[in-house]
Amino acid sequence: MDVAAPLEVFTTATALTPGDYRVSLCTPDGGTVRSTAGLPIAADAAANDIRDIDTLVVAGIADPSGFSRHPEWVRAVDRLARRAGRTAAVCTGAFALAEAGLLRGRRATTHWEHAEALALRYPQTTVTADAIYVRDGDILTSAGVTAGIDVCLAMVEDDHGPHAARAVARDLVVFLQRPGGQSQFSAASRTPPTSHPVLRPVLARVAADPGGDWGLDLLAAAAGVSPRHLSRLFREQIGTTPAAHVEAVRLEAARILLEQGESVTTTARRSGMGSDETLRRVFARHLGTTPSAYAARFLTSRPAS
């Protein structure tokens with residue numbers, strides 16, 4: 001995905017917009033590489049054979065410490081980056097830039113699992129762990145895997161404007177700008193699976209009707225257990241409280257409603273948040289933005305300032 005996502009963005013942009021991106025895939029020696037998923041990827045050229053370069057995109061690797069063990073990779077990245085007009089790193093590709101000294105004194109991000117390691121290994125780099133992507137001058141770094149789409153859409157917008165970037169995002173069926181940061185994963189994806197015979201039906205009922213009245217006493221009554229017992233099950237099985245889980249599900253419902261064009265007031269009512277103010281507080285706490293800004297960000301690939 002680190003390789004395929006940028007390729008897809010730029011080739012789609014060439015097909016849909018006036019832009020003409022000529023994309024070449026290079027490896028240090030020009031040979032074929034095999035991805036961690038087992039897919040062989042053939043290169044167009046060796047790194048030393050690349051002459052004219054406007055944009056360099058560096059893919060990540062599963063074990064980012066590999067860059068420090070392979071100085072020839074880092075030297076290749078450094079040579080290309082110094083000839084490029086701009087350089088972007090996808091996922092742990094940021095480690096290659098940092099190892100080459102290109103992130104010294106700059107802000108950067110990477111996959112959230114490796115953000116702490118990046119900050120510790122390269123203390124002269126300011127790591128923004130929750131960002132989808134970070135731009136610092138002519139260098140861009142992105143979070144993990146699919147965030148390569150986000151950072152490349154931003155570059156398409158730089159080159160050809162928001163309408164072109166929006167056309168590419170629509171064709172790829174992705175956000176033009178994902179609101180929030182890497183912590184914005186859906187409630188379902190962040191909830192540990194459970195087959196507990198009492199808790200599983202409760203989770204299913206909340207998911208099916210986020211706007212319902214899901215106070216602790218009513219949830220416990222529906223489950224046929226005491227509020228104290230239900231709270232203990234939530235902590236043991238999914239590591240949270242009933243109230244926090246309900247809020248997460250309602251937040252996800254609110255996001256979907258806003259994406260569908262509903263007003264803030266309608267979204268607050270239908271998601272179970274109750275009021276505009278409650279909705280704003282929940283968005284600020286979890287996503288670091290407002291409901292209105294969330295909806296507006298679908299109009300551009302640029303992060304809100």
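Please read all numbers here as calculations on a predicted model, not as lab measurements. All heavy atoms count here, side chains included; hydrogens, waters and symmetry mates do not.
Taking the six-membered ring wherever Trp is involved, the centroid distance between the rings of F95 and H111 does not fall below 6.0 Å.
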Requested in this report: Output, in order, the C-alpha distance, side-chain angles, deciding distance and verdict of side chain to side chain donor-acceptor pair (under 3.5 Å) for S275 and T278.
Outcome: CA-CA 5 Å; S275 70; T278 299; 3.0 Å; yes
Query raised in the report: Do D276 and R269 pass the salt bridge (charged side-chain N to carboxylate O under 4.0 Å, His left out) test, and can you show the C-alpha distance, the side-chain angles, and the key distance before you say yes or no?
Result: CA-CA 8 Å; D276 294 11; R269 175 176 54 81; over 6 Å; no
Query raised in the report: Taking it one step at a time, do E99 and R121 satisfy salt bridge (charged side-chain N to carboxylate O under 4.0 Å, His left out)?
Result: CA-CA 9 Å; E99 189 68 19; R121 185 184 293 270; 5.3 Å; no
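Under the 4.5 Å side-chain criterion, counting only non-hydrogen atoms from C-beta, S231 is in contact with P242. The shortest distance between side-chain heavy atoms of T141 and Y133 does not fall below 4.5 Å. Using a 4.5 Å cut-off on side-chain heavy atoms (C-beta onward), S271 and P210 make no contact. V23 has its side chain within reach of L7: a pair of non-hydrogen atoms, C-beta onward, lies under 4.5 Å apart. For the pair W73/V58, no side-chain contact is recorded, criterion being any heavy-atom separation below 4.5 Å from C-beta on. Annotation: side chain of T290 is not in contact with side chain of F283 (no heavy-atom distance under 4.5 Å).
Each side-chain hydrogen bond (donor to acceptor under 3.5 Å, both in side chains) pair with one or both residues in residues 37-57, not counting sequence neighbours, appears once here: N48-R79, T55-R86.
A donor-acceptor pair is defined here as one N or O able to donate and one able to accept, closer than 3.5 Å; no such pair exists between the side chain of T125 and the backbone of V127. Checking side-chain atoms of T110 against main-chain N and O of H114 turns up no donor-acceptor pair under 3.5 Å. Judged by distance alone, with hydrogens and angles left aside, the side-chain atoms of D2 form a donor-acceptor pair with the main-chain N or O of G60 at under 3.5 Å. With hydrogens and angles ignored, the 3.5 Å screen pairs a side-chain donor or acceptor of T14 with a backbone N or O of Y21. The main-chain N or O of A131 is never found under 3.5 Å from a side-chain atom of T128 such that the two would form a donor-acceptor pair. Without hydrogens or angle criteria, H70 side chain to E72 main chain gives no donor-acceptor distance under 3.5 Å. R235 contributes no side-chain N or O that, together with a main-chain N or O of G239, makes up a donor-acceptor pair within less than 3.5 Å. A donor-acceptor distance shorter than 3.5 angstrom exists from the side chain of S35 to the backbone of L39, with no hydrogens or angles considered. Looking at R107, its side chain never comes within 3.5 Å of a backbone N or O of D136 through a donor-acceptor pair.
The pair D138-R106 meets the salt-bridge criterion, with a side-chain N (NZ, NE, NH1 or NH2) lying under 4.0 Å from an Asp/Glu carboxylate O. A salt bridge does not link E252 with R255: every distance from a Lys NZ or Arg NE/NH1/NH2 to an Asp or Glu carboxylate oxygen is 4.0 Å or more.
The cluster map of Ile, Leu, Val, Met, Phe, Trp and Tyr, joined by side-chain heavy atoms under 4.5 Å apart, puts L103 and V74 in different clusters. Hydrophobic cluster membership differs between I256 and V282, with clusters built from Ile, Leu, Val, Met, Phe, Trp and Tyr side chains linked at under 4.5 angstrom. If you chain together hydrophobic residues whose side chains sit under 4.5 Å apart, L97 and V134 never meet in one group. When hydrophobic clusters are built by joining Ile, Leu, Val, Met, Phe, Trp and Tyr residues whose side-chain heavy atoms come closer than 4.5 Å, directly or via intermediates, V33 is not grouped with L56. One hydrophobic cluster, built from ILVMFWY side chains closer than 4.5 Å, holds both I149 and V156.
For R69, the CZ atom is densely surrounded, since the number of other residues' heavy atoms within 6.0 Å is greater than 12. Counting heavy-atom neighbours within 6.0 Å of E116 CD, excluding the residue itself, gives a total of 12 or less. Atom CZ of R232 is surrounded by more than 12 heavy atoms from other residues, nucleotides or ligands within 6.0 Å. In R285, the CZ atom is crowded: over 12 heavy atoms of neighbouring residues, nucleotides or ligands sit closer than 6.0 Å. No more than 12 heavy atoms of other residues, nucleotides or ligands lie within 6.0 Å of CZ in R200, so this atom counts as exposed by the packing criterion.
If you check the side chains of S65 and S68, you find no donor sitting under 3.5 Å from an acceptor. With hydrogens and angles left out, the side-chain atoms of H286 and E247 include a donor and acceptor closer than 3.5 Å.
Among all heavy-atom pairs drawn from I139 and L102, the shortest one is CD1-O, 3.3 Å. In this structure, L199 and I238 approach most closely via the heavy-atom pair CD2-CG2, 4.4 Å. What you find for A100 and R82 is that their closest heavy atoms are O-NH2, 4.1 Å. Contact between L230 and A223 at its shortest, heavy atoms only, is CD1-CB, 4.4 Å. Closest of all the heavy-atom pairs between R135 and A154 is NH2-CB, 3.9 Å. Across S292 and V264, no two heavy atoms sit closer than the pair OG-CG2, 3.8 Å.
Applying the side-chain contact (heavy atoms from CB on, under 4.5 Å) test to D209 and every residue at least two apart in sequence or in another chain returns W214.
In this structure, OG1 on T12 lies 4.5 Å from CG on L172, to the nearest 0.5 angstrom.
When each of T267, T266, T265 is checked for a side chain to side chain donor-acceptor pair (under 3.5 Å) with S263, only T266 meets the rule.
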